[in-house]
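Position 1 is the first residue of the sequence, and the numbers go up from there.
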Amino acid sequence: MRERDVHDLIEQQDPEHKQELLDKIKVRIAEENIFPQTQQNTEHKPVAAKKKNKLTLVIASVVTACLLCLAIVLPVTLTETKNRYCVDGDYVGEIVSYNIKEYSEKNNKNMLYLDLYDSVDTILTEFYYNLKDRNDMIFISEEMENGTTGELIKVIITDNKTRVDVLNKWNNCEKKSVICGVSVQTVKTEIFMLATFEYNGFRYYLQVDNAANQNRVTEIVEQMLAVK
């Protein structure tokens, strides 16, 4: 087996086919040992033997290096999940007749939701999906308004690997706290309160306008986590 053959095999290596690569190398090495090339000049046998020993050493070194690289890289490759950033034009939204609780239960999503369905005056739920795949949820949004107090609560949910352009304002949530064992980031302005957190594979974005009190957004987070 020539040194060039070894390099060709290594260049074709794929983490998912490492065993196939190793089997090929073992077979080629076995062939070299079983069917050695006949030397035309016996005077050159010592030189040929040295070259063969050198090639065997090279093969062993390459195989060891490949195994070491695969041991380091393969676990990362297998566990890595691709993130995505969606912008206007990647998705489309529509008003739906179901709420987040109903959507979660129907699709076995195990999402958190704000259980105020019987105490608010209006509810508006919108489902935003991949323009190329209607079953691929980009995010789901729900607004609840209390007509008496004027409080407006908005809950938006994505999976934890999806980021959306229209949700960038939640990047300003810099105050960190822990609520029910979950890390929550919040921010307050004169107009609204924002909060964001991750739980069980989903990322939640909350906005409260005309809040009933200064701690309203954290109260809502507590209510949502209470139904987990």
Please answer: with hydrophobic residues joined when any side-chain heavy atoms are less than 4.5 Å apart, are [X] and [Y] in the same cluster?
X    : Y    : answer
V182 : V187 : no
I157 : V164 : no
L206 : L114 : yes
Y113 : Y98  : yes

Donor-acceptor pair, side chain of [X] and main chain of [Y], under 3.5 angstrom:
X    : Y    : result
S104 : M111 : yes
T196 : Y204 : yes
E151 : A212 : yes
Q185 : C173 : yes
D90  : C86  : no
W170 : T186 : no

For N172 and E174, what are the C-alpha separation, side-chain angles and deciding distance, and is it a side-chain hydrogen bond (donor to acceptor under 3.5 Å, both in side chains)? CA-CA 6 Å; N172 296 319; E174 298 180 348; over 6 Å; no

Which pair of non-hydrogen atoms, one from [X] and one from [Y], has the smallest distance, and what is that distance?
X    : Y    : answer
D121 : T148 : OD2-N, 3.8 Å
I123 : M144 : CG1-CG, 4.4 Å
M224 : V155 : CE-CG1, 4.0 Å
L116 : R216 : CD1-NH2, 4.4 Å
I179 : L225 : O-CD1, 3.3 Å

Determine the sole option in E102, K101, E142 for which the side-chain hydrogen bond (donor to acceptor under 3.5 Å, both in side chains) test with Y117 is passed. E142

Are [X] and [Y] packed together at the side-chain level, in the sense that at least one heavy-atom pair is separated by less than 4.5 angstrom?
X    : Y    : value
V96  : F127 : yes
L152 : V208 : no
Y103 : K109 : yes
V178 : V184 : no
I95  : T125 : no
I191 : Q207 : no
F197 : L112 : yes

Any chance you could lay out the side chain to side chain contact (heavy atoms under 4.5 Å, CB included) test for I140 and I156, step after step, and finish with the verdict? CA-CA 6 Å; I140 188 168; I156 300 172; over 6 Å; no

Could you walk me through whether T162 and D159 pass side-chain hydrogen bond (donor to acceptor under 3.5 Å, both in side chains), step by step? CA-CA 6 Å; T162 299; D159 66 68; 2.9 Å; yes

Can the positive tip of R134 be found less than 6.0 Å from the middle of the six-membered ring of Y129, inside 45° of the ring normal? yes

Could K169 and Y205 be counted as a cation-pi pair, given that NZ or CZ must be under 6.0 Å from the ring centre and within 45° of the axis? no

Does the pair R84 and D136 meet the rule for a salt bridge (Lys or Arg N to Asp or Glu O under 4.0 Å), with working shown? CA-CA 13 Å; R84 62 176 176 177; D136 179 16; 2.7 Å; yes

If you measure from [atom1] on [X] to [atom2] on [Y], what distance do you get to the nearest 0.5 Å?
X    : Y    : atom1 : atom2 : answer
N215 : I220 : CG    : CD1   : 11.5 Å
R163 : N168 : CZ    : CG    : 10.5 Å
L194 : T189 : CG    : OG1   : 6.5 Å
K154 : E145 : NZ    : CD    : 12.5 Å
F192 : D209 : CZ    : CG    : 7.5 Å

Counting only heavy atoms not in Q214, do more than 12 sit closer than 6.0 Å to its CD atom? no

Please step through side chain to side chain contact (heavy atoms under 4.5 Å, CB included) for the pair I138 and T158, ending with a clear verdict. CA-CA 6 Å; I138 304 301; T158 70; 5.9 Å; no

Does F202 form a side chain to side chain contact (heavy atoms under 4.5 Å, CB included) with N160? I'd like the steps, not just the answer. CA-CA 5 Å; F202 293 97; N160 63 354; over 6 Å; no

Is the F139 ring parallel, tilted or perpendicular to the Y128 ring (thresholds 30°, 60°)? parallel

Please determine, by modelled atom types, if Y199 and N110 share a side-chain donor-acceptor pair under 3.5 angstrom. no

